[in-house]
Undergrad: 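The structure that follows is given in the form of structure tokens.
Throughout, numbering of the chain's residues begins at 1 and tracks the sequence. Indexing begins at 1, ligand by ligand and atom by atom, following the structure's order.
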Amino acid sequence: MGSFFILGGNKINGEISIGGAKNAALPILAACILIDGEKTIKNVPNISDVRVAVDILRDLGLKVLHEKNTVTISGKISKNTISKKYSEKMRSSITFLGAILGKLGEGECYFPGGCPLGERPIELHKKGFLELGFEVIEETEKLICKNKNDNKSRIGANIFLDFPSVGATQNIILASVYAKGSTIITNAAKEPEIVDMVNFLNACGARIKGAGTDEVIIEGVAENSLKGCEYIVMPDRIIAGTYMAAAAITNGSLILKDVYPYDVYPIKEKFINMGIAVTINKNSIAINAEKPIRKVKIRTGTHPGFPTDMQAQTMALLTQAEGTSEIEENIFEARDKHVKELIKMGANITSMLNGRHFIIKGKANLKGTKVLAEDLRGGASLVIAALAAEGKTEIKGIEHIERGYENIVGDLNKVGANIRFIN
Ligand code: EPZ
């Protein structure tokens, strides 16, 4: 478990190289179930969620070599059920079910875990599986998908998502790669992590078009025809945004290298509105926050809207803005566990509309104290606030932060922060 101890007041100045994206690496590792031969996935973040994904692949019977940021997978799966002890550890465990269905034509998964951001239903995933021809049975703790025809279900279908769910879009793509005929997903999620997973699948021989738009077309290819390749995972746009907020709250400056600038545009636009200088270069972003932070209104939305995964971190930053800012959380119904902890540090935040609308009055005088991280991005927001707080902050629950940040302590200390990890 352990805690972070952060002494606030230091300016962040320097350069950080951004590692691979958790939310691209996880579906790409799941996609490996579909593909024969050796797959070498590089730039994989060495985080606890990836270690769970490796455990799932091994539990399914695959041979997996995991060396820090490279995962090499070979062999074939020998079972079609994702064990409860793994399913409940993260949301993206359900994406492994989509890959199992795509490969074997039937499978089971205990309901997924993940950050407590609200109900997090899976009816859109079930709808996708049903429309691809599976019999979907929901038991108390798990989802069972049986094949109903000689094509082991997987019949191409036109599937409309009434909400552009990232996970459901990924799952339908994975389950339909070997379908008979084409599958069209209308109102698909457009997040860059979906594009990365599709780029990997196409590099192995899949025929998928439209990833990154709201209509994705998956042309079913011959069963087991996908062959392994080497693939480099995209950089993590949310880690980039997190570090931008960390530098900005200390009125510092930072160069982020190895990042895809286009992916960070929604964050860049809002940071510029806050009076932060953001310069985009070919594969790096420079920010300079010497001027006072200006108040803004943030509405989270599906891509290319402002990412919900940056809501908590931006809220911490806006406690230091001059004037009153607003944040509307439009994706999750309970992404507010960080609010009470920021208030403990002296932030002036009013929560409205059942924790979906927040009024942040700046500039608050934050003071170090003991706080608790209860989810991944909420934990990151407490790190950001602690950098600007007077005195020392102790953050407990850092196992949540370690699910998505490989080296937040080392990265930030390298550019001027004073963070200690005590086990
Ligand atoms: C992915 O979660 C990400 N996780 C999340 O990142 C991210 O916040 C989210 O997409 C939105 O961008 C991974 O990729 C592992 P959704 P996912 O399905 O797939 C509702 C992080 O911090 N919904 O787009 O679960 C759902 O309840 C994590 O890295 C349904 O109603 O996101 C939520 O309100 C947190 N029915 C909204 O859609 C469904 O069947 C967004 O969910 C599915 C989802």
Undergrad: Can a side-chain donor-acceptor contact be found between Ser182 and Glu219 if the only test is distance below 3.5 angstrom?
TA: no
Undergrad: Is a salt bridge present between Lys268 and Asp263, judged by a nitrogen-to-oxygen distance below 4.0 Å?
TA: no
Undergrad: If you measure from each non-hydrogen atom of Glu123 to ligand 1, which part falls under 4.0 Å: side chain, backbone, both or neither?
TA: both
Undergrad: Could you check atom 25 (O) of ligand 1 against the protein and tell me its nearest heavy-atom contact, residue, atom and distance included?
TA: Arg91 NE, 2.9 Å
Undergrad: Got the closest protein heavy atom to atom 2 (O) of ligand 1, with its distance?
TA: Arg120 NH2, 3.5 Å
Undergrad: Quick one: nearest non-hydrogen protein atom to atom 18 (O) of ligand 1, plus distance?
TA: Ser165 OG, 2.7 Å
Undergrad: Kindly confirm or rule out an N or O of Ala168 lying under 3.5 angstrom from an N or O of ligand 1.
TA: no
Undergrad: Distance under 6.0 Å and angle within 45° of the ring axis: does Arg154 meet both against Tyr178?
TA: no
Undergrad: Contact between Met197 and ligand 1, counting heavy atoms under 4.0 Å?
TA: no
Undergrad: Give yes if a backbone or side-chain nitrogen or oxygen of Lys22 is under 3.5 Å from a nitrogen or oxygen of ligand 1, and no if not.
TA: yes
Undergrad: Give the single entry among Val166, Thr302, Leu124, Asp309 that approaches atom 24 (O) of ligand 1 most closely by any heavy atom.
TA: Val166
Undergrad: Answer yes or no: does atom NZ of Lys85 have more than 12 heavy-atom neighbours from other residues, nucleotides or ligands under 6.0 Å?
TA: no
Undergrad: Flag this pair as yes if the NZ/CZ of Lys89 is under 6.0 angstrom from the six-membered ring centre of Tyr86 and inside a 45 degree cone about the axis; otherwise no.
TA: no
Undergrad: What are the atoms of ligand 1, with element, lying closer than 4.0 Å to any heavy atom of Gly167?
TA: 18 (O), 19 (O)
Undergrad: Looking at Ile122, which atoms of ligand 1 are within less than 4.0 Å of one of its heavy atoms?
TA: 40 (O)
Undergrad: Taking the non-hydrogen atoms of Pro121, is any one of them nearer than 4.0 angstrom to ligand 1?
TA: yes
Undergrad: Check whether more than 12 heavy atoms from other residues, nucleotides or ligands sit under 6.0 Å from atom CZ of Phe163, and answer yes or no.
TA: yes
Undergrad: Under 4.0 Å from a heavy atom of Ser92: which atoms of ligand 1 are those, numbered in the order shown and with their elements?
TA: 15 (C)
Undergrad: Can you tell me if NZ on Lys414 sees more than 12 non-hydrogen neighbours from other groups inside 6.0 Å?
TA: yes
Undergrad: Parallel under 30°, tilted from 30 to 60°, perpendicular over 60°: which one fits the rings of Phe358 and His338?
TA: tilted
Undergrad: Give the residue and atom name of whichever protein heavy atom lies nearest to atom 38 (O) of ligand 1, and the separation in Å to one decimal.
TA: Phe163 CE2, 3.3 Å
Undergrad: Answer yes or no: are there more than 12 heavy-atom neighbours, outside Lys142 itself, under 6.0 Å from its atom NZ?
TA: yes
Undergrad: Quick one: does Asn23's side chain have a donor or acceptor within less than 3.5 Å of a partner on Glu193's backbone?
TA: no
Undergrad: Between Ile331 and ligand 1, which residue portion shows a heavy-atom distance shorter than 4.0 Å: side chain, backbone, both, or neither?
TA: both
Undergrad: Around atom NZ of Lys42, are there more than 12 heavy atoms from other residues, nucleotides or ligands closer than 6.0 Å?
TA: no
Undergrad: Enumerate the atoms of ligand 1 whose separation from the nearest heavy atom of Arg377 is less than 4.0 angstrom.
TA: 21 (C), 22 (O), 29 (O)
Undergrad: Which residue holds the protein heavy atom closest to atom 14 (O) of ligand 1, what is that atom called, and what is the gap in Å?
TA: Asn23 CG, 3.2 Å
Undergrad: Any protein heavy atom sitting closer than 4.0 Å to atom 20 (C) of ligand 1?
TA: no
Undergrad: Using a strict 4.0 Å cut-off to heavy atoms of His125, name the atoms of ligand 1 that fall inside it.
TA: 40 (O)
Undergrad: Parallel, tilted or perpendicular: which one describes the rings of Tyr405 and Tyr243, with boundaries at 30° and 60°?
TA: tilted
Undergrad: Applying a 4.0 Å heavy-atom criterion (strictly less than), which segment of Arg335 is in contact with ligand 1: side chain, backbone, both, or neither?
TA: side chain
Undergrad: Look at atom 9 (C) of ligand 1 and say which protein heavy atom is nearest, naming residue and atom and giving the distance to 0.1 Å.
TA: Phe332 CZ, 4.1 Å
